2 protein chains.
Amino acid sequence: MKNNNKKKSLNPADWELATLDVIAHQGVSAVAVENIAKALGVTKGSFYWHFTNRKDLIVAALKRWQKDDRAVIKEKIWSLPDAHERLKAWFLLSAEPLQSHLIYATLLADRQHDFVAKVLKEVTLERLAYLQKSYQGIGYDEATSKQQALLSYSVYVGYLHMAKTLHGKFKDTENIENYAKYVASQLIHEPEQ
Amino acid sequence: MKNNNKKKSLNPADWELATLDVIAHQGVSAVAVENIAKALGVTKGSFYWHFTNRKDLIVAALKRWQKDDRAVIKEKIWSLPDAHERLKAWFLLSAEPLQSHLIYATLLADRQHDFVAKVLKEVTLERLAYLQKSYQGIGYDEATSKQQALLSYSVYVGYLHMAKTLHGKFKDTENIENYAKYVASQLIHEPEQ
DNA sequence: GTTTGTCAATACGCAAGCGTATGGAAAATT
DNA sequence: AATTTTCCATACGCTTGCGTATTGACAAAC
């Protein structure tokens, strides 16, 4: 787990990335400065040089996650010109095993911290707006596109949890891919008038 | 927050119900014996007479929740003879503001504890089996009913989180009811052959 | 080569929360 | 009425984890 690179010293980005690793697999409440320090091969004497406290670290890490995540979505989805294709891409991206998904799922869990709730709400609203626009792009009216976006996004969030809860019954890639295609077939279609 | 009843002394059930209250609103990790004792108007000297330790309490509370929840579903859904009606009842029940839903949602969050994961998996598999059976009842074949059940259940789980994440934009009853009906209309229909 | 700035180690204080030990009061039993 | 059971209070020890204070090592600047 130690940092074997040639780097002489750490910078805040190193701490933030290590923190995101912990958040992805154990949640925000598992972020302990002394543990992360150990994972980076130093002690917390170093930590308090880079950050003022634990919360400062977590907020910085989440800000980094939010920024990176936005970039990925922009590149992989919003680059597509056709709304129908965008929606399909969205569902496929949802099924990919990205760290970003894990982080989103654990944030849902650690919502009791207000700074987590804030990021979560921002990201969720942004993604919902994207989805809604895409559904409008394939012919849904404003109100219906809103509900359909919410429905689709709920499936995404639900899937994240189901995958964790039922891991083992859900792991093999083929099943996941099949399921993703099924979901897309059910949730992407012209609006019923 | 004190117990104003005429009861002279507490029994394990009192502790379990108080614990479920905490779990519903703050999650498993927020269960602190001294706090729950205070909520019940006693000190932890009492607690360790009824239970051996904190984990014992949580496990007992979750067992109670599981049992009660099963009973509610049995009564409100499985009493219905028609599969189509059962599915509709499921989606409507999902949108009702029950403590049981809150608990389920927080359990998803506190899955890192193995005893939580165990209950969660049991409950989820049981509910999925119910849903699958209902979808088979309206004509889905085995494989498709499985995927459709998973999809529908994901919507449920996703909704629980969305409701918390976007509270305020989601609170008024009318919207929720509308949305529930929309979801039902999208997810309950004869299978496409 | 001396000084300054950067990054990290060690040691400490402190609060929260679990579990234990012990004693006491009230109710039930005999 | 005496005794046993049931339920609870108080006090203590122990661990975890945050944050601070102090010192040190190495590199860059001068």
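From a predicted model like this one, the values you see are computed outputs, not experimental measurements.
Between the P atom of C:dA26 and the CG atom of B:L10 lies a distance of 17 Å, rounded to the nearest Å. Taking atom CG on A:N11 and atom P on C:dA8, their separation rounds to 9 Å, with Å as the unit. In this structure, CG of A:D56 is placed 10 Å from P of D:dG19, rounded to the nearest angstrom. As a whole-Å value, the separation of B:F51 CZ from D:dC8 P is 12 Å. For the pair B:W49 CH2 and C:dA27 C1', the computed distance is 13 Å after rounding to whole Å.
Only at 4.0 angstrom or more do the heavy atoms of residues 18-28 of chain B sit from any atom of DNA chain C, so none qualifies.
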Query raised in the report: Under the salt bridge (Lys or Arg N to Asp or Glu O under 4.0 Å) criterion, do B:R127 and B:D69 qualify, and how do the steps go?
Result: CA-CA 11 Å; B:R127 292 176 175 181; B:D69 184 76; 2.7 Å; yes

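Crowding of A:K76 atom NZ: a count of heavy atoms from other residues, nucleotides or ligands under 6.0 Å not exceeding 12.
Each of A:H50, A:R64, A:K63 was evaluated against A:E16; a single residue qualifies, A:R64, per the side-chain hydrogen bond (donor to acceptor under 3.5 Å, both in side chains) test. When the options B:Y48, B:W49, B:F47 are evaluated for a ring pair (Phe, Tyr, Trp, His ring centres under 6.0 Å) with B:F51, the one that passes is B:F47.
For A:H25 (side chain) and A:D21 (main-chain N/O), a donor-acceptor pair under 3.5 Å exists by modelled atom type. Formation of a donor-acceptor pair under 3.5 Å by the A:R70 side chain with backbone atoms of A:K67 is not found in this model.
Ion pairing of B:E34 with B:K38 is absent here, as no side-chain N (NZ or NE/NH1/NH2) approaches a carboxylate O to less than 4.0 Å.
Closest approach of B:S145 to B:Q132, counting heavy atoms only: OG-CG, 3.1 Å.
Transitive grouping of hydrophobic side chains (ILVMFWY, heavy atoms separated by less than 4.5 Å) keeps A:L125 and A:V72 in distinct clusters.
Donor-acceptor pairing under 3.5 Å is recorded for the side chains of A:Y182 and B:Q148.
The aromatic rings of B:Y156 and B:Y104 sit tilted, their planes meeting at an angle between 30° and 60°.
Between B:H50 and the phosphate of D:dC8, there is a side-chain N or O to OP1/OP2 separation shorter than 4.0 Å.
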Close N/O contacts between protein and nucleotides 14-18 of chain C (under 3.5 Å):
unit_1 : atom_1 : unit_2 : atom_2 : d
C:dC18 : OP1    : B:V31  : O      : 3.4
C:dC18 : OP1    : B:R54  : NE     : 3.3
C:dC18 : OP2    : B:V33  : N      : 3.3
C:dC18 : N4     : B:K44  : NZ     : 3.3

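For the helix from C:dG1-D:dC30 to C:dT30-D:dA1, the axis fitted to the five pairs at one end and the axis fitted to the five pairs at the other end meet at an angle of 0° (nearest 10 degrees).
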